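Reading through the structure tokens given below for one structure.
Residue numbers begin at 1 in each chain, while the letters A, B, ... track the order of the sequences. Worth knowing before you read on, the calculation uses all heavy atoms, side chains too, and leaves out hydrogens, waters and symmetry mates. As the structure is a prediction and not an experimental result, all values here were calculated from the model.
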There are 2 protein chains.
Amino acid sequence: MAVATRDRSTTDYAVLGMLTLRPMSGYDIRATIAESVAYFWTESYGQIYPTLKRLTKERLVTRRSERSGGRERHIYAITAEGREALAEWIVRPAQPRPPRNELLFKLFFARHVPPAEAAAQVERFRAEQERAVARFRAVEQELYDRHANNPDLAYWLITLRYGQLEAEALLRWSAEAGEILQELNAAAAPRGTRGEK
Amino acid sequence: MAVATRDRSTTDYAVLGMLTLRPMSGYDIRATIAESVAYFWTESYGQIYPTLKRLTKERLVTRRSERSGGRERHIYAITAEGREALAEWIVRPAQPRPPRNELLFKLFFARHVPPAEAAAQVERFRAEQERAVARFRAVEQELYDRHANNPDLAYWLITLRYGQLEAEALLRWSAEAGEILQELNAAAAPRGTRGEK
DNA sequence: TTTGGCATGTAATCCGTTACATGATTAG
DNA sequence: CTAATCATGTAACGGATTACATGCCAAA
């Protein structure tokens with residue numbers, strides 16, 4: 001008989017997933033997300049702490065207290081049931097969330113502002129993609145260097161590759177769009193129009 | 001003196017933007033979004049109707065009633081102030097929203113399920129990207145055919161191109177990831193393991 | 001001594017979807 | 001006759017961020 005898979009928020013699974021890496025505090029979870037999967041996921045404390053509390057009550061994680069130095073820390077670990085719930089969720093078809101791309105929306109209506117303004121938006125984006133490409137390259141190196149024997153490595157590289165290919169494509173798009181906008185700008189404001197020398 | 005730009009939700013601007021295309025009802029706005037910018041934006045009635053009400057009160061749009069046949073329609077049009085507010089927003093740096101890619105999250109932790117399950121996730125995604133690529137090609141044709149003289153055309157093509165390049169890149173990624181997962185699967189379940197003939 | 005990082009948590013608020021309520025018109 | 005589409009709106013709910021409150025410890 002099929003188990004009724006309780007519907008949880010993705011945050012629940014995000015927290016469970018992080019705890020498969022190692023037992024962690026809420027603070028650690030936040031930090032680890034920020035330094036590993038930030039390019040495709042984020043969580044705030046406002047989500048993490050209440051989630052940990054609930055998952056503990058539901059026995060998907062256990063909590064133990066620790067005081068290293070002065071401040072008390074709550075270390076959470078995933079239980080067998082937690083792993084089961086996570087695995088069940090992983091195999092369910094991933095739900096794409098409704099897209100909301102502010103940059104594209106602005107460009108879609110950019111006829112209502114000077115072309116140079118649209119070009120500025122694209123240029124900011126281009127610079128960001130360039131940084132992203134560089135960052136991905138560095139992360140790749142680091143993964144090979146420091147996680148060569150990690151059983152998760154193959155999967156991490158797959159997700160990294162997604163980021164790389166996407167960023168490279170969007171970088172190409174930025175360049176292309178930038179050129180088109182420059183032409184529009186030249187057409188809209190031919191020399192002399194704005195009183196340049 | 002710099003005008004204090006009131007902070008509105010992006011929905012406000014989405015509605016204003018749509019109304020630059022032509023005066024429309026709330027229903028029309030929803031439908032137009034769904035058939036034009038759906039690949040990078042969505043809005044629900046629950047957002048649109050209250051927004052129209054508020055924008056009317058704030059004089060960024062005007063409302064007139066019309067009865068074509070029986071049911072009454074409320075047609076909204078953008079005002080000069082509305083256009084101004086929109087233009088002001090368009091030039092402000094676009095805010096990328098915090099990423100949340102469920103597919104990547106699942107793949108990141110996919111070691112905890114059989115590789116074939118991860119491959120299934122990727123395959124679903126690949127099929128989707130393939131459909132997206134085809135759809136973008138069709139849209140491109142339609143834009144050239146039916147909006148050849150539309151002053152917005154150049155901008156629409158730029159946003160379309162973003163979708164195209166992104167979908168193509170993600171299609172390539174899907175193929176690559178699919179292959180890797182197949183190898184992992186072969187390694188995890190060599191012939192004989194599961195009792196095949 | 002003061003700043004920054006470690007650490008936990010709650011409350012207020014916002015954003016957005018879904019469900020609900022209602023009803024007319026039109027095409028099959 | 002009935003299903004789909006047109007059409008407008010509200011209410012309930014959930015998900016997520018931000019701000020707030022609190023306080024230790026280490027380094028500058």
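Of the inter-residue distances, the one linking B/Phe108 atom CZ with A/Asp152 atom CG reads 7.0 Å to the nearest 0.5 angstrom. Note that CG of B/Leu165 is 6.0 Å distant from CD of B/Glu168, once rounded to the nearest 0.5 Å.
Atom pair B/Arg100:CZ and D/dG15:P shows a separation of 10 Å (rounding to whole Å applied). For the pair B/Asp7 CG and D/dT17 C1', the computed distance is 14 Å after rounding to whole Å. The distance between atom CG of B/Leu52 and atom C1' of D/dT10, rounded to the nearest whole Å, is 15 Å. The OH-P distance, from B/Tyr27 to D/dT5, rounds to 8 Å in whole Å. Counting to the nearest Å, the C1' atom of D/dG15 and the OH atom of A/Tyr13 are 15 Å from each other. Rounded to an integer number of Å, the gap from CZ of A/Arg54 to C1' of D/dA16 is 13 Å. With rounding to whole Å, B/Arg73 atom CZ is found 17 Å from D/dT5 atom P. Rounded to a whole Å, the CD1 atom of B/Ile48 is 14 Å from the P atom of D/dA7.
The side chain of A/Pro98 lies closest to C/dT17, out of C/dT8, D/dT10, C/dT17. Checked against D/dA16, C/dG9, C/dT18, the side chain of A/Tyr76 finds its nearest nucleotide in C/dG9. If you check C/dT18, D/dG9, C/dA7 against the side chain of B/Ser44, the one that comes closest is C/dT18.
Nearer to the 5' terminus of DNA chain D, by closest-nucleotide assignment, is the contact made by B/Tyr45 (compared with the other of B/Tyr45 and A/Trp41).
Closest non-hydrogen pair, B/Glu128 versus A/Pro96, comes out as OE2-CG, 4.2 Å.
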